[in-house]
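Worksheet: the structure to be examined is printed underneath.
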Amino acid sequence: KWKKINVQNRSHDELYEMEKTFNEMIDYLKDNFERQETFVSDASHELRTPISIVKSYGELLKRQGKDNHDLFNESVEAIDTEVERMQKLVEQMLTLAKNKTTDVIQVVDLIALSEHTITTFRGAYARKISVDNHGDSLLVNGNKDQLQQIIYILIDNAIKYSSDEIRISIAQQKNKAIMKVTDFGQGISKIDHARIFDRFYRIDKARSRDTGGTGLGLAIAKSIAETHHGDLCVTSKLGEGSTFTLSLPIVRES
Ligand code: ADP
């Protein structure tokens with residue numbers, strides 16, 4: 001909370017402290033403005049590609065679509081894919097913009113939520129996803145949909161960027177719930193460990209695009225973790241696989 005201040009009759013030390021606070025506030029605002037600016041320009045850039053693809057296929061359809069059945073089918077298919085991509089991008093951007101305060105807060109069992117989320121994948125992918133949990137339940141405070149979104153993003157990425165089994169472990173460490181999602185896929189080089197949580201950052205843009213990636217998944221997951229007073233980080237070795245670790249404060253027993 002910021003409040004108005006009066007500088008009259010202040011001692012030298014007090015004025016010095018105020019100057020420090022004031023400069024910190026300016027830096028904070030500058031950083032935020034710069035982040036917003038980057039976000040808007042990155043978002044426009046990301047939307048530009050699908051828009052121009054839709055536009056050129058539309059023009060092609062107008063010119064030759066009536067006579068060329070194959071071209072007609074190809075164009076409709078491409079337009080459909082790109083519109084879906086734009087839809088996903090816009091939805092994800094809204095999620096990022098909205099995720100300032102968590103909506104409905106309730107007691108959530110992380111083990112049950114993970115098991116439920118995994119079932120949404122098991123049917124679609126004949127891939128082994130194993131869950132190792134110690135205990136029947138592990139309770140955290142939070143918004144169920146948002147927490148599920150983190151789990152979904154981590155499993156979805158593990159599926160996209162690896163081809164072997166995926167291991168999930170959930171355990172309590174002191175007053176924290178720790179969830180690890182491990183894959184044995186392509187891994188991430190050290191230089192990219194921090195960057196992959198940046199908005200729109202993708203190590204391999206073309207591959208990510210092919211798998212429907214937007215580069216926003218991990219930014220969303222990290223932002224949700226932080227609004228829940230938790231954290232999301234990665235350990236990984238190129239060519240060996242990655243482990244994403246989500247930590248959240250557990251519900252304190254009263
Ligand atoms: P995307 O939609 O591209 O998957 P994310 O924000 O979820 O975006 O991830 C950012 C980038 O981090 C991905 O494009 C990919 O390069 C890398 N990445 C994410 N998860 C993994 C993983 N499990 N293994 C290897 N690379 C990953």
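One-based numbering, in listed order, for ligands and for the atoms of each.
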Give the atom numbers and elements of ligand 1 that come within less than 4.0 Å of a heavy atom of [X].
{"X": "Gly215", "answer": "1 (P), 2 (O), 3 (O), 6 (O), 8 (O)"}
{"X": "Arg202", "answer": "3 (O), 14 (O)"}
{"X": "Tyr201", "answer": "10 (C), 11 (C)"}
{"X": "Gly217", "answer": "5 (P), 6 (O), 7 (O)"}
{"X": "Leu216", "answer": "6 (O), 8 (O)"}
{"X": "Ser242", "answer": "24 (N)"}
{"X": "Ile196", "answer": "10 (C), 12 (O), 17 (C)"}

- Test: Asp27 and Lys30 ion pair at under 4.0 Å: no

- Decide, yes or no, whether a salt bridge links Arg202 with Glu46 under the criterion of side-chain N to carboxylate O below 4.0 Å. yes

Short N/O distance, under 3.5 Å, between [X] and ligand 1?
{"X": "Gly213", "value": "no"}
{"X": "Asp183", "value": "yes"}
{"X": "Ala219", "value": "no"}
{"X": "Lys160", "value": "yes"}
{"X": "Asn157", "value": "yes"}

- In the protein, which heavy atom is nearest to atom 6 (O) of ligand 1, and how far is it? Leu218 N, 2.8 Å

- Message: Just to confirm my output: which protein heavy-atom neighbour is closest to atom 13 (C) of ligand 1, and how far is it?
- Response: Tyr161 OH, 3.4 Å

Under 3.5 Å, is there a donor-acceptor pair between the side chain of [X] and the main chain of [Y]?
{"X": "His116", "Y": "Ala112", "answer": "no"}
{"X": "Ser52", "Y": "Thr49", "answer": "yes"}
{"X": "Asn143", "Y": "Val104", "answer": "yes"}
{"X": "Glu226", "Y": "Ser223", "answer": "no"}
{"X": "Arg85", "Y": "Gly213", "answer": "yes"}

- Message: As a quick check of understanding, evaluate salt bridge (Lys or Arg N to Asp or Glu O under 4.0 Å) for Lys88 and Glu84, giving each step before the final call.
- Response: CA-CA 6 Å; Lys88 185 173 172 187; Glu84 227 172 79; over 6 Å; no

- Message: Please determine whether side-chain hydrogen bond (donor to acceptor under 3.5 Å, both in side chains) holds for the pair Tyr57 and Glu82, giving the CA-CA distance in whole Å, both sets of side-chain angles, and the decisive distance to 0.1 Å.
- Response: CA-CA 11 Å; Tyr57 271 109; Glu82 295 307 317; over 6 Å; no

- Candidate with minimal heavy-atom separation from atom 16 (O) of ligand 1, of Ile159, Ile188, Ile155, Ile203: Ile203

- Proximity flag Phe197 to ligand 1, non-hydrogen atoms under 4.0 Å: no

Using residues 166-187 as the side-chain source, report each donor-acceptor pair under 3.5 Å to any protein atom, sequence neighbours left out, with the distance given to one decimal.
unit_1	atom_1	unit_2	atom_2	d
Arg167	NH2	Glu165	OE2	3.0
Gln172	NE2	Lys174	O	3.0
Lys180	NZ	Thr245	OG1	3.4
Thr182	OG1	Thr243	OG1	2.9
Asp183	OD1	Gly185	N	3.0
Asp183	OD1	Ser242	N	3.4
Gln186	OE1	Arg207	NH1	2.4

